[in-house]
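Just so we're clear, the structure is a prediction, and the values are computed from it rather than from any experiment.
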Amino acid sequence: MRLLRLFRILAVVWRYRLDEIVVASLKNAALVRLVDWTSFGAPREPRGVRLRRALEDLGPIFVKFGQVLSTRRDLLPPDMADELAYLQDRVPPFDSDVAMREIERGLRRPISEVFSTFERDPVASASIAQVHFAVLKDGAHAGQQVAVKVLRPDMLQAIEKDLSLLDLGAGLIEKLWRDGKRLRPRAIVAEFDRYLHDELDLMREAANASQLRRNFAGSPLFVVPEMYFNYCSDNVLVMQRMTGIPISRIDRLNEAGIDIKKLSRDGVTIFFMQVFDHAFFHADMHPGNILVGTEGDQFNKYIGLDFGIVGTLSESDKNYLAQNFLAFFQHDYKRVAELHIESGWVPGDTRVDQLEDAVRACCEPVFDKPLKDISLGQVLLRLFQASQRFNVTVQPQLVLLQKTLLNVEGLGRQLDPELDLWKTAKPFLERWMEDQIGWRGLEARLKREAMQWTYLLPQLPRLMHAALTRHHDADRLIDEVRMLRREQRVTNLWYATATVLLMIVVALTGWAISRA
């Protein structure tokens, strides 16, 4: 099955002549002539269209790859980036009759019983699901305008095939490539596997959205739609219908009077709030999943959509990342090197000064520059090259965070190329560090622990008595063990004496027999 899928991928690559795109980027004259010689004429469609259609044909995992690429206009030619942007919310939809049958299967009743109106034509279509607008008919939310999201049928089988191939490839990398074990590709594929399977459960997505909505309740920056759990299942999600302008439509945002520069700064703040304040972040923030409010109290605010992929961080991950970011912003490369060694991400015998020099070479060129003049992708590439030299172990739990950071940078680059990412993020991180390890952090932790003290203080006399009792029991147990050991020594002595006597008897008996 894996071999058939591999042949299918190669066939799609050949069908859309993606080999021509790759070879042309290498600028190798001999390879270009070879491709021209083996081809049957020039490709009939532009390269961007061919790349987009190939990814659509190959399925959801490849579409998601294209979505990530579409946010990195600094890494792609404009024509390819424009075409890949269609993958964000304009993937060809599946048949509406099939979608309605899937919705009725998930709701376990006819559509006409749940919705007073239902739009057959989808308003958006993505790699995993598509969305229809409707109006609720019954219950406390009767008359509420909603968006109904339904999974594409047979998605699990399609994803399983590609994940199997990815795991096979990752295993080969670990075995055949010198840096394979350090990069832990199979662990990264396992993380990707988990996130994709989570995205296929729309009830889980509804729960993710509910958590994010609670985290940003009353926020002046970010709006999350309400989920209607009575109408949600594993393949159907019904949520509050949101109106706004797609964040990629800069022309319409300007016409609506949106403050673009504020929007770009707010995007950075939202990202760091999710990571460090909540340790729970929207991990699929490409332009197709974000609207900008234009009316009422949602004006100039981000509106989040599609919560199938979220990331979480442990307290140790948060503290490590925050200290690293802050050290970067303060140009304290020695501290960055020390943090890598303390965390165990590099071998303990690594020289701090050498690692410090490598980090400085990667990061110093990008400071005090607007986004238009730098690329976090290039910085990460240089850090990756440095990590090979110092045997830095890849942390799979942070791969999703890196992807999200690249998405945020791509958004910021589209909105305001003059944005200084470092200056925008630094005040937030300084405040967060003060809240965590400064006096405010100490006060907050004391308040949290005080709730436990009111529970534990009345129990102290009983706990002390129990401890003393256990101590007395322990002393008695020790005495009994000592007595058993003494008895064992006596028993062993008798065994030894009996053995010696037996040996003497056997020897005398043998001597007597020999004399006779």
K.L.:
How long is the straight-line distance from CZ of Phe281 back to CE of Met273, given to the nearest 0.5 Å?
P.N.:
15.0 Å
K.L.:
Give the C-alpha distance, both sets of side-chain angles, the deciding distance and a yes or no for side-chain contact (heavy atoms from CB on, under 4.5 Å) between Val114 and Ile103.
P.N.:
CA-CA 11 Å; Val114 181; Ile103 292 170; over 6 Å; no
K.L.:
So which atom in Phe94 and which in Val150 form the shortest heavy-atom distance, rounded to 0.1 Å?
P.N.:
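In terms of heavy atoms, the two residues are closest at CZ-CG1, 4.1 Å.
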K.L.:
Which atom names give the shortest non-hydrogen contact between Pro122 and Pro93, and what distance separates them?
P.N.:
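Heavy atoms only, the tightest pair is CG-CB, 3.7 Å.
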K.L.:
Should Phe118 and Val135 be marked as a side-chain contact (heavy atoms from CB on, under 4.5 Å) after you check the CA-CA gap, both sets of side-chain angles, and the distance that decides it?
P.N.:
CA-CA 7 Å; Phe118 182 89; Val135 177; over 6 Å; no
K.L.:
Just verifying a value: how many Å separate Glu119 CD and Ser96 OG, rounded to the nearest 0.5 Å?
P.N.:
11.0 Å
K.L.:
Mind listing the closest non-hydrogen atom pair of Lys149 and Leu202 along with its distance?
P.N.:
O-CD1, 3.6 Å
K.L.:
Taking all heavy atoms of Ile245 and all of Ala256, pick out the closest pair and write down the distance.
P.N.:
CD1-CB, 3.9 Å
K.L.:
Does the side chain of Ser125 pick up a donor-acceptor pair with the side chain of Arg152 at under 3.5 Å?
P.N.:
yes
K.L.:
Just verifying a value: how many Å separate Arg252 CZ and Ile247 CD1, rounded to the nearest 0.5 Å?
P.N.:
13.0 Å
K.L.:
Between Glu83 and Arg53, does any NZ, NE, NH1 or NH2 come within less than 4.0 Å of an OD or OE carboxylate oxygen?
P.N.:
no
K.L.:
Hey, does Val292 have a side-chain heavy atom less than 4.5 Å from the side chain of Ile303?
P.N.:
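With C-beta onward as the side chain, the pair stays apart.
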K.L.:
Return the CG to CG distance between Asp284 and Asp306, rounded to the nearest 0.5 Å.
P.N.:
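Here the rounded value is 5.5 Å.
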K.L.:
Determine, for Asp234 against Arg204, whether the closest basic-nitrogen to carboxylate-oxygen distance falls under 4.0 angstrom.
P.N.:
no
K.L.:
Would you call the rings of Phe276 and Phe272 parallel, tilted or perpendicular if under 30° counts as parallel and over 60° as perpendicular?
P.N.:
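The arrangement is parallel - the two ring planes meet at less than 30°.
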K.L.:
Considering all heavy atoms of both residues, which atom of Arg213 and which atom of Pro225 are nearest to each other, and what is their separation?
P.N.:
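Heavy atoms of Arg213 and Pro225 come nearest at NH1-C, 3.6 Å.
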K.L.:
Is there a side-chain contact between Met239 and Glu226 in this structure, where contact means two heavy atoms from C-beta onward sitting under 4.5 Å apart?
P.N.:
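Not in contact.
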K.L.:
Between His282 and Phe271, is the ring centroid distance below 6.0 Å?
P.N.:
no
K.L.:
Report the C-alpha separation of Glu102 and Arg105 in whole Å, then their side-chain angles, then the decisive distance to 0.1 Å, and conclude whether the salt bridge (charged side-chain N to carboxylate O under 4.0 Å, His left out) test is met.
P.N.:
CA-CA 5 Å; Glu102 287 294 302; Arg105 181 176 68 83; 2.9 Å; yes
K.L.:
Identify whether the distance between the nearest side-chain nitrogen and carboxylate oxygen of Lys262 and Asp266 falls below 4.0 Å.
P.N.:
yes
K.L.:
Would you mind reporting whether Tyr231 and Leu107 have side-chain heavy atoms less than 4.5 Å apart?
P.N.:
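They are in contact (side-chain heavy atoms under 4.5 Å apart), so the answer is yes.
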K.L.:
Within the 4.5 Å heavy-atom criterion, are Met242 and Val223 side-chain neighbours or not?
P.N.:
yes
K.L.:
I would like to know whether Gln144 and Gln240 meet side-chain contact (heavy atoms from CB on, under 4.5 Å); could you show each step before the answer?
P.N.:
CA-CA 8 Å; Gln144 175 67 52; Gln240 176 187 1; 4.2 Å; yes
K.L.:
Side chains of Asp201 and Glu205: does their closest heavy-atom pair fall under 4.5 Å?
P.N.:
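The answer is no; the side chains never approach within 4.5 Å.
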K.L.:
Heavy atoms only: give me the nearest Leu237-Cys232 pair and the separation to one decimal.
P.N.:
CA-SG, 4.0 Å
K.L.:
So, Tyr302 side chain and Ile270 main chain: donor-acceptor pair closer than 3.5 Å or not?
P.N.:
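Side chain of Tyr302 to backbone of Ile270: no pair is present.
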K.L.:
Output yes when a side-chain donor or acceptor of His132 lies under 3.5 Å from a complementary backbone atom of Val148, and no otherwise.
P.N.:
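No, because the side chain of His132 does not come within donor-acceptor range (under 3.5 Å) of the backbone of Val148.
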K.L.:
Is the cationic atom of Arg241 (NZ for Lys, CZ for Arg) positioned less than 6.0 Å from the six-membered ring centroid of Phe133 and within 45 degrees of its normal?
P.N.:
yes
K.L.:
Treating Asn289 as the side-chain partner and Met285 as the backbone partner, does any N or O pair qualify as donor plus acceptor under 3.5 Å?
P.N.:
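No; zero donor-acceptor contacts below 3.5 Å.
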K.L.:
Quick check for you: to the nearest 0.5 Å, what is the distance between Arg52 atom CZ and Tyr16 atom OH?
P.N.:
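Rounded to the nearest 0.5 Å, the CZ-OH separation comes to 9.0 Å.
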K.L.:
Start with the C-alpha distance between Glu104 and Arg109, add both sets of side-chain angles, then the distance that settles side-chain contact (heavy atoms from CB on, under 4.5 Å), and finish with yes or no.
P.N.:
CA-CA 5 Å; Glu104 291 182 337; Arg109 44 183 167 157; over 6 Å; no
K.L.:
Please lay out, stage by stage, how Arg265 and Asp416 fare under the test salt bridge (charged side-chain N to carboxylate O under 4.0 Å, His left out).
P.N.:
CA-CA 9 Å; Arg265 293 193 302 271; Asp416 180 16; 5.8 Å; no
K.L.:
Could you check whether any side-chain heavy atom of Phe222 comes within less than 4.5 Å of a side-chain heavy atom of Asn215, counting everything from C-beta outward?
P.N.:
no
K.L.:
If you define the side chain from C-beta out and look only at heavy atoms, does anything of Phe115 sit under 4.5 Å from Leu136?
P.N.:
yes
K.L.:
Taking the side chain as every heavy atom from C-beta outward, state whether His141 and Tyr228 have any atom pair closer than 4.5 Å.
P.N.:
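Yes, close enough: below the 4.5 Å cut-off.
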K.L.:
Would you call Lys261 and Asp259 a salt bridge, using N to O less than 4.0 angstrom?
P.N.:
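Salt bridge between Lys261 and Asp259, a charged N being under 4.0 Å from a carboxylate O: no.
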K.L.:
From Ser248 OG over to Ile290 CD1, what is the distance, rounded to the nearest 0.5 angstrom?
P.N.:
10.0 Å
